[in-house]
Every structure is written in C-alpha cells, then in structure tokens.
Amino acid sequence: MCGHLRSSDVGRKATLAGWVSRRRDHGGLVFVDLRDPTGLMQLVVNPERAPAAAELAKEIRNEFVLQVKGEVVARSPETVNPKMPTGEIELQVDELEIVSRSTPLPFQLDEEGVDESLRLRYRWLDLRSERMQRNLRLGASVVSAIRRSMEEQGFIDIWTPGLTLGTPEGARDFLVPVRLQPGTFFALAQSPQLFKQALMVGGFDRYYQIATCWRDEDLRADRQFEFRQLDLELAFPTREDVLEVLERVVVASFEALGREPPERPFPRISYAHAMLRYGSDKPDLRFELEIQDATEVTRGSEFGVFASAASVRFLVVPRELSRGDLAKLETFAKEWGAKGLAYLVYGPDGDVRSPIAKFLSEPELAAFAAPPGSTVLFAADEQAGVERVLGALRLHLGRELGLVDETREVFHWILDFPLFQLDDETDRWTFVHHPFTGALEGHEELIEADPASALSQHYDLIWNGWELGSGSIRVHRSDVQQQVFRAMGMTEEEANAKFGWFLEALQMGAPPHGGFALGLDRFVALLAGEPNIREVTAFPKVSSGSDPLTGAPSAVPAAVLAELGIRVLEKPT
Ligand code: ASP
C-alpha cells in the first residue's frame with residue numbers, strides 16, 4: 001500500500017493502486033502523488049525509463065485512478081520530504097495504467113472552506129479527504145471498542161425491529177404505510193426501549209445493540225433524523241451497576257484511540273444541584289463560575305424587582321465589566337427571557353457602581369460582596385426563568401472570557417431528575433425521560449399524590465456540556481406503571497390501547513431492570529473534535545430534512561400511493 005513503504009523497501013518492486021492527489025510536470029519528468037487509504041506515495045515517471053507510461057502520464061488529472069508497477073528508490077537528499085512518512089523514497093514507474101478517469105472536480109480535496117452543501121452533494125469525493133477518512137475510521141474503531149467492552153462485560157447483541165408501534169421518546173414518529181393493510185402505519189422505532197424491556201422479561205439479562213433510531217425532529221448540529229445509540233439494558237442492576245458499564249465503555253473508547261481516558265468514577269451531581277449552581281442539566285464543568293442563590297436575603301428588599309420575584313440568583317464574574325459589556329449582556333439575557341439585567345460592578349478599590357446599590361440593605365450588600373475588579377449579575381424571576389437566563393449567561397461568559405479550560409475532558413453524571421414536568425400546552429404532567437422510568441426509592445407514593453415533587457431514577461451522562469445519553473432504572477411492576485400513566489392524565493383505555501401488551505408483560509414475572517442509551521454519533525463527533533455529527537456521518541441529511549446526495553425525500557407516483565391507500569392533499573398555500 002502507498003503509505004506502508006519505507007526506505008527499508010528500497011530496491012523492491014511494487015504494484016500500487018490509488019487516486020492521483022497531485023501531478024507535477026517537470027518538463028520530461030512527471031511526478032504524481034498517489035493516494036490510497038494508507039497514505040501518499042510519490043511516483044516518478046521518467047520518459048527514458050518508461051516511454052509509454054510517460055506518454056500516458058500527460059493525460060493524468062487529479063483524482064484519476066491509476067495502477068502502477070515500478071521500483072522503490074531512495075530520493076536524492078535534497079528532495080527528501082521529512083513531513084511525509086514516505087518522504088525518503090519514491091517509486092520509479094515502469095508500467096502505468098489509467099484505470100479510471102475523473103471529470104473536472106467541483107472542488108479540490110485539500111481546499112479549505114469548501115461550502116458544506118457542495119461537500120455533501122459530492123460526498124463520494126469529500127469522503128476521500130483526510131478529514132472524512134480520519135473521522136469515519138475513528139468512528140469504526142470506537143464502535144469496535146464498544147462492542148469488545150460490552151461483550152467482556154457479559155452483554156449479548158440482540159436485534160430489535162425498526163418497524164414498530166410508536167415509542168414515546170418525546171419526538172414525532174416517522175410513519176411507514178403498510179401495503180398489506182392499507183390505512184395502517186408502522187412507526188420507525190425512536191429507540192428499542194420497550195423491546196429491550198421485553199428482553200429482560202424474556203430472560204436475557206444483559207442486552208446491548210448498536211441501534212439505529214429514528215426521530216422526526218428539527219435537525220441541528222447534534223441531531224439527525226436517524227442516528228445510532230449504544231443501547232443497553234440489564235436485569236437486577238443497581239443504578240451504580242449501570243453507570244459502571246458506561247464508564248468502562250467510555251474508558252475503552254479512549255484507550256482504543258490511544259488517548260488518556262478520563263478518571264473513574266465520574267463525578268455524580270444531582271439535578272437539583274446542577275440547576276442551582278449551573279442553571280443547566282448538562283453543565284459544562286470545565287470552568288467554575290457558579291450561580292449563587294439570594295432569594296432569602298432579598299425577601300424584604302427595597303429593590304422591588306428582587307422582593308417580588310420567586311427566585312433571585314446571581315453570578316460573580318471575575319472581571320470589571322464596562323457599560324458597553326453590560327449593555328451587550330443585557331441584550332443577551334433578554335433573548336433568554338430576562339426582563340432586564342441588574343448588576344453591581346466592583347472597581348479596583350472595591351467601590352461599587354450600580355444603579356441599584358442604593359436600594360440594597362447592608363445584609364444584601366454583604367451577601368453579594370465580591371472581590372475588587374469583578375461584576376455581580378442578577379436574575380430575578382420564576383425559578384425556571386432564572387435558571388435559564390443565568391445558565392445561558394454562565395456558558396456565554398465562560399466562552400467569551402476564556403474561562404473554559406479546553407485541555408480538560410470532564411465527564412460527569414446527573415442523577416435524581418424529577419419524574420414529571422408540566423406540559424405547557426396541555427397543562428398535564430408529562431415524563432421528563434420516558435414513562436417507563438422508575439421513581440426514586442421512597443418517592444413511589446408521590447407519583448399520584450404529588451407528581452411535582454417525585455424524583456426519578458433517571459440519569460444522564462455529560463461530556464464537556466454535551467449530553468451523551470440517558471437511562472434509568474425502570475418501573476417493573478404493572479400497577480406502578482399504570483399509576484404513572486394515570487398521573488400523566490391517561491385513561492385506562494388509552495394506556496391499554498398504547499401499551500396494553502407491555503403492561504401484560506410486566507404481569508408475567510418481570511425482573512427489576514434498568515439501562516441506558518449512549519448517542520454514538522455525538523460521542524464519536526466529540527472524540528473526533530468535530531463541531532457537529534454530520535462530520536462523522538457518511539451520508540447525513542441537511543437542516544431542511546433532505547439528503548443532498550440522492551435528493552431524497554421525493555414525491556411518489558400516484559399508482560404507488562394508491563396501492564398504499566394514500567392520497568396526498570394539496571400543499572396548503
Ligand atoms: N430509550 C432511552 C433513550 O433513547 C434510553 C434509555 O432509557 O435506556 O433515550
């Protein structure tokens with residue numbers, strides 16, 4: 001292979017095949033950089049040594065496919081290229097064949113800043129680039145490390161269907177019409193959730209799968225319609241058992257890439273603590289900048305905004321911010337729903353500058369006291385609003401002020417999520433994770449009595465502020481599962497229509513069980529240092545929801561639709 005030859009091979013005959021990366025004509029001698037998946041090799045076509053090859057070499061253009069035979073020779077000292085692993089040698093060509101030609105290229109493979117839509121339209125070319133070769137190969141190494149780790153830990157790979165009944169993971173389903181039963185539809189699995197739970201009831205106590213999942217959601221940097229998860233489930237686990245499986249998988253993945261793995265055990269943080277201190281359930285812990293609470297201190301405040309707010313919290317920014325900075329931050333905070341941004345600026349001598357200082361009492365000022373050269377920023381509102389605004393400000397400032405330590409890899413767990421959240425549209429309780437998540441021990445009674453306070457056994461894995469995946473210890477009793485459905489406002493009929501088969505399964509000897517799903521594409525993107533999952537996906541879709549390569553999705557002939565019993569309505573104008 002091109003990238004394998006070294007100076008120890010000098011004198012050997014070699015046959016190489018690959019793509020032309022570059023061709024240089026030096027009046028007589030033609031130099032070609034030939035590329036295959038292992039690297040580059042310089043070819044020299046000398047008209048005196050190989051006249052026929054030299055004649056043909058005139059036709060060579062970038063990305064032609066060649067097959068050549070020749071001899072490995074040492075380069076003269078002044079032409080050695082120390083930057084190339086094969087830079088000490090070259091191949092003196094004896095025979096050359098143009099195996100395949102290329103039309104003029106829409107972009108060059110080593111070109112910087114090629115428009116992404118062009119790259120995706122000509123993905124077969126783009127895939128030859130160093131970046132895509134590296135990313136997809138890295139992804140493959142990670143998948144195989146994960147499989148090894150899972151199998152070492154006693155898990156077996158079981159395939160579950162893609163065509164199924166709707167699974168509630170909080171997104172819309174992709175529907176697939178069924179020709180044999182016109183008018184009915186499969187949903188593409190949003191995850192194998194209920195199947196893996198059924199496997200537990202079926203006596204497979206350690207299941208895993210690299211599962212494809214489909215969710216009809218708006219596409220983003222970390223989201224595609226279809227994506228892969230390391231999906232797993234185990235019987236009789238403690239929460240710690242599940243977390244340990246995942247930590248081992250993460251460590252194995254780092255090791256497979258020859259990287260220093262993060263230290264185990266990963267820190268565990270409660271959801272309540274994360275929301276209070278970081279205003280986020282996926283905090284980036286590569287920098288401090290913690291949020292502090294001032295609700296108690298400001299109860300009787302003369303500053304009306306504080307006194308009347310359900311929650312008052314603040315951040316101490318280690319900079320003396322200017323009026324201009326503060327104005328920009330206020331605009332930012334308003335985009336996140338704040339009404340304004342109160343602040344106290346501490347000058348170099350500790351003097352306070354602020355329009356609100358005069359309204360604050362001694363105890364208040366004492367509570368907010370910050371070192372000289374810093375700024376205190378407040379949010380006062382409903383608790384959720386305060387968390388949202390300060391969480392966003394914290395992240396923004398962390399990045400803007402360079403507080404994020406980019407050299408650190410911080411993995412951590414968020415535990416003890418609430419079981420339910422209020423759905424603003426329906427004003428009903430809905431699940432935070434999914435309705436099969438068990439309540440925290442001691443919280444079972446609250447499921448129906450006080451859903452707002454019930455905590456769950458749901459956990460998330462976070463890496464540098466990205467959510468890598470979620471899981472939970474499940475409900476394994478049919479009566480408790482029914483309680484959850486009732487708390488969500490579902491009638492018995494509704495619950496039976498949607499999940500009757502599963503409730504029945506839970507009544508026939510269901511072991512306690514729990515599991516997790518790790519978003520594989522996100523994990524690989526982060527490992528590859530890529531900003532979005534399209535860069536680690538061979539053929540991704542773009543934000544409009546189409547595939548730039550094939551042009552899908554497409555309209556379907558009326559006859560095909562008729563067979564499926566489907567008529568397409570006119571597009572609304
Ligand atoms: N099915 C869940 C998900 O896709 C993961 C789990 O609870 O195991 O997020």
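Below, all heavy atoms of this structure are taken into account, side chains as well, without hydrogens, waters or symmetry copies. Keep in mind the model is a prediction, meaning the values are calculated, not measured. For ligands, and for the atoms within them, numbers begin at 1 and follow the listed sequence.
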Considering non-hydrogen atoms of the protein only, which is the closest contact for atom 3 (C) of ligand 1, and what is the distance?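 Checked against all protein heavy atoms, atom 3 (C) of ligand 1 sits closest to E169 OE1, 3.5 Å.
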
If you take the centroid of each ring, where Trp contributes its six-membered ring, are F332 and H396 closer together than 6.0 Å?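 Yes, ring centres under 6.0 Å apart.
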
For a salt bridge (Lys or Arg N to Asp or Glu O under 4.0 Å) with D126, tell me which candidate from R131, R119, R121 qualifies.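 Only match with D126 under salt bridge (Lys or Arg N to Asp or Glu O under 4.0 Å): R119.
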
Just heavy atoms, cut-off under 4.0 Å: does [X] contact ligand 1 by side chain, backbone, both, or neither?
X: Q197; result: neither
X: Q190; result: neither
X: F516; result: backbone
X: R474; result: side chain
X: S191; result: side chain

Any carboxylate oxygen within less than 4.0 angstrom of a Lys/Arg side-chain nitrogen, looking at [X] and [Y]?
X: E240; Y: R268; result: yes
X: D460; Y: K282; result: no
X: R248; Y: E244; result: yes
X: D547; Y: K541; result: no

With no hydrogens and no angle check, is any side-chain donor or acceptor of Q481 less than 3.5 Å from a backbone partner on P435?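 Confirmed, Q481 side chain pairs with P435 backbone.
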
Atoms of ligand 1, numbered as shown, that sit under 4.0 Å from any heavy atom of [X]:
X: Q193; answer: 1 (N), 2 (C), 5 (C), 6 (C), 7 (O), 8 (O)
X: G471; answer: 6 (C), 7 (O)
X: R215; answer: 3 (C), 4 (O)
X: Q229; answer: 3 (C), 4 (O)

Looking at CZ of F431 and CG of D423, how far apart are the two atoms once the value is rounded to the nearest 0.5 Å?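 Answer for the CZ-CG pair, F431 versus D423, is 9.5 Å.
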
For K196, is the nearest heavy atom under 4.0 Å from an atom of ligand 1?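 Judged by the 4.0 Å heavy-atom criterion, K196 does count as contacting ligand 1.
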
Non-hydrogen atom of H433 closer than 4.0 Å to ligand 1: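 H433 counts as a contact of ligand 1 under the 4.0 Å cut-off.
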
